[in-house]
Amino acid sequence: MRIASWNINSVRTRIERAVDLLQRHDIDVLALQETKVKDEAFPTEPFTEAGYEVAHFGLNQWNGVALISRVGLENVRTSFPQQPGYHNDPTAPQDIEARALGAECGGVEVWSLYVPNGREIAHPHYDYKLRFLYTLGAYAHSLSTPAVFVGDYNIAPRDSDVWDASFFAGKTHLTEPERHAFSFLCSEGVEETSRRFTEGEYSYWDYTAMRFPKNEGMRIDFQVATAALAGRACAGFIDREERSGKGASDHAPVVVDYE
DNA sequence: ATGCCTTGCATGGCAAGA
């Protein structure tokens with residue numbers, strides 16, 4: 001089964017690219033992040049016409065996650081257990097945002113995840129990011145079944161995952177607490193399977209400062225599988241071509257095959 | 001030090017991205 005994950009940065013802007021991606025790579029399950037659309041405005045038809053089922057969770061112009069599957073799409077969930085919420089007003093109720101969508105696809109529990117960015121180290125969003133990752137880790141470790149958590153993790157686990165680690169001094173994405181939270185997730189048999197096939201490649205290049213032409217990118221989009229599935233990962237790649245050309249997302253799709 | 005670019009929306013300057 002071929003699973004792809006892509007931060008599409010607006011599904012309505014890039015719907016044709018998404019359908020092309022499915023067909024170009026013969027994808028079974030596509031997980032999208034940052035669809036940036038409410039459920040009622042999601043462009044379902046192009047996917048169903050291509051032979052896929054669609055599940056989407058979007059509340060407003062922020063975040064938004066989708067699962068596009070041709071191998072079944074059952075038991076859809078819009079949050080994982082104990083998933084934390086967020087609100088810019090810390091005294092207001094903390095809302096569960098559209099950052100997680102899970103379903104059973106072809107015998108595998110697939111989750112499309114958009115991990116909070118963190119914004120700045122001193123910002124409440126950074127603590128939100130850490131809590132999101134620890135509760136995700138607790139859920140992943142509670143499973144003995146095949147499951148995969150794919151998406152935009154907004155973390156570079158190693159300095160070699162970015163073009164210049166010194167650029168991120170004082171910024172989020174490379175800090176020790178973020179890496180510790182990610183290493184808690186990726187422990188006890190839970191593994192980032194995408195690393196096996198994409199080491200040294202990037203999945204994100206900022207739109208600004210000519211980052212893509214200079215190949216100044218970050219490897220921050222992953223597939224993380226439970227022990228019951230990780231051993232079945234047999235191939236994978238980052239579709240760097242998808243980042244090129246007019247109207248590209250700033251992220252590239254991350255594809256992994258599972259036997 | 002800042003903008004560099006891109007998105008959606010109360011369609012006009014923001015918020016957010018990383």
Side-chain angles (χ1 to χ4, degrees), chain A residues 5-18 32-43 56-66 85-90 92 94-100 112-130 132-133 151-179 181-182 201-222 238 240 242-254:
Chain A
S5 179
W6 187 26
N7 181 321
I8 193 172
N9 185 20
S10 170
V11 69
R12 285 178 292 181
T13 297
R14 281 177 262 281
I15 180 62
E16 292 183 1
R17 279 177 173 266
L32 297 174
Q33 301 89 37
E34 281 209 89
T35 57
K36 294 188 171 180
V37 66
K38 296 178 184 177
D39 284 342
E40 53 265 37
F42 186 91
H56 178 255
F57 180 39
L59 299 169
N60 47 46
Q61 72 270 43
W62 308 120
N63 315 309
V65 279
Y86 181 79
H87 197 291
N88 271 327
D89 178 354
Q94 303 296 289
D95 303 321
I96 299 298
E97 299 183 304
R99 294 181 177 275
S112 180
L113 298 174
Y114 180 41
V115 175
N117 168 289
R119 300 185 186 170
E120 296 165 19
I121 293 171
H123 195 285
H125 212 260
Y126 180 81
D127 293 319
Y128 173 42
K129 180 179 193 172
L130 297 179
F132 190 98
L133 287 161
D152 178 357
Y153 277 81
N154 273 318
I155 286 179
R158 302 180 191 172
D159 286 357
S160 58
D161 293 324
V162 300
W163 85 97
D164 179 6
S166 68
F167 179 82
F168 293 89
K171 296 187 174 74
T172 60
H173 289 60
L174 274 68
T175 67
E176 192 280 332
E178 290 166 283
R179 287 175 169 177
F182 187 73
E201 299 178 46
Y202 302 136
S203 65
Y204 165 87
W205 298 260
D206 198 297
Y207 283 127
T208 67
M210 300 286 285
R211 294 292 185 218
F212 185 65
K214 293 191 284 190
N215 195 29
E216 295 179 343
M218 309 173 74
R219 211 182 66 85
I220 55 175
D221 300 88
F222 310 132
I238 292 174
R240 193 178 188 283
E242 180 54 55
R243 178 62 179 81
S244 66
K246 183 175 168 60
S249 169
D250 43 2
H251 293 254
V254 177

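These numbers were taken from a predicted model, which means no experiment stands behind them.
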Notebook entry, point to check: Where each residue is assigned the nucleotide of DNA chain B containing its nearest heavy atom, which of A/His251 and A/Asn60 is assigned the position nearer the 5′ end?
Noted result: A/Asn60
Next item on the list: For A/His123, report the nucleic acid contact type (base, sugar-phosphate, nothing); a contact means any heavy atom under 4.0 Å.
Entry: nothing
Check: Among A/Tyr204, A/Trp205, A/Tyr207, which one satisfies side-chain contact (heavy atoms from CB on, under 4.5 Å) with A/Phe212?
Finding: A/Trp205
Note to self: Quick check on B/dA16: is either OP1 or OP2 less than 4.0 Å from any side-chain nitrogen or oxygen of A/Asn63?
What the structure shows: no
Note to self: Ring centroids only, cut at 6.0 angstrom: are A/Tyr128 and A/His125 within range, meaning strictly under it?
What the structure shows: yes
Margin query: Work out how far the P atom of B/dT7 is from that of B/dA18, and round it to whole angstrom.
Written below: 14 Å
Item checked: Side-chain N,O (A/Asn9) to OP1/OP2 (B/dT6) below 4.0 Å -> no
Check: What is the distance, rounded to the nearest whole Å, between atom CD of A/Gln33 and atom P of B/dG17?
Finding: 14 Å
Check: What integer number of Å spans the C1' atoms of B/dG8 and B/dG12?
Finding: 12 Å
Note to self: At less than 4.0 Å, is any side-chain N or O atom of A/Arg14 found next to OP1 or OP2 of B/dT7? Yes or no.
What the structure shows: yes
Checklist line | Presence of A/Arg12 side-chain N/O under 4.0 Å of B/dC9 phosphate oxygens OP1/OP2 | finding: yes
Notebook entry, point to check: Under 4.0 Å: is that the gap between some side-chain N or O of A/Thr13 and OP1 or OP2 of B/dT6?
Noted result: no
Next item on the list: Would you indicate what A/Arg211 reaches in the nucleic acid, counting non-hydrogen atoms under 4.0 angstrom: base, sugar-phosphate, or nothing?
Entry: nothing
Note to self: Would you say A/Arg119 places a side-chain N or O within less than 4.0 Å of OP1 or OP2 belonging to B/dG17?
What the structure shows: yes
Checklist line | Between B/dA15 (C1') and A/Tyr207 (OH): distance, integer Å | finding: 16 Å
Check: Given B/dA18, is OP1 or OP2 found less than 4.0 Å from the side-chain N or O atoms of A/Tyr114?
Finding: yes
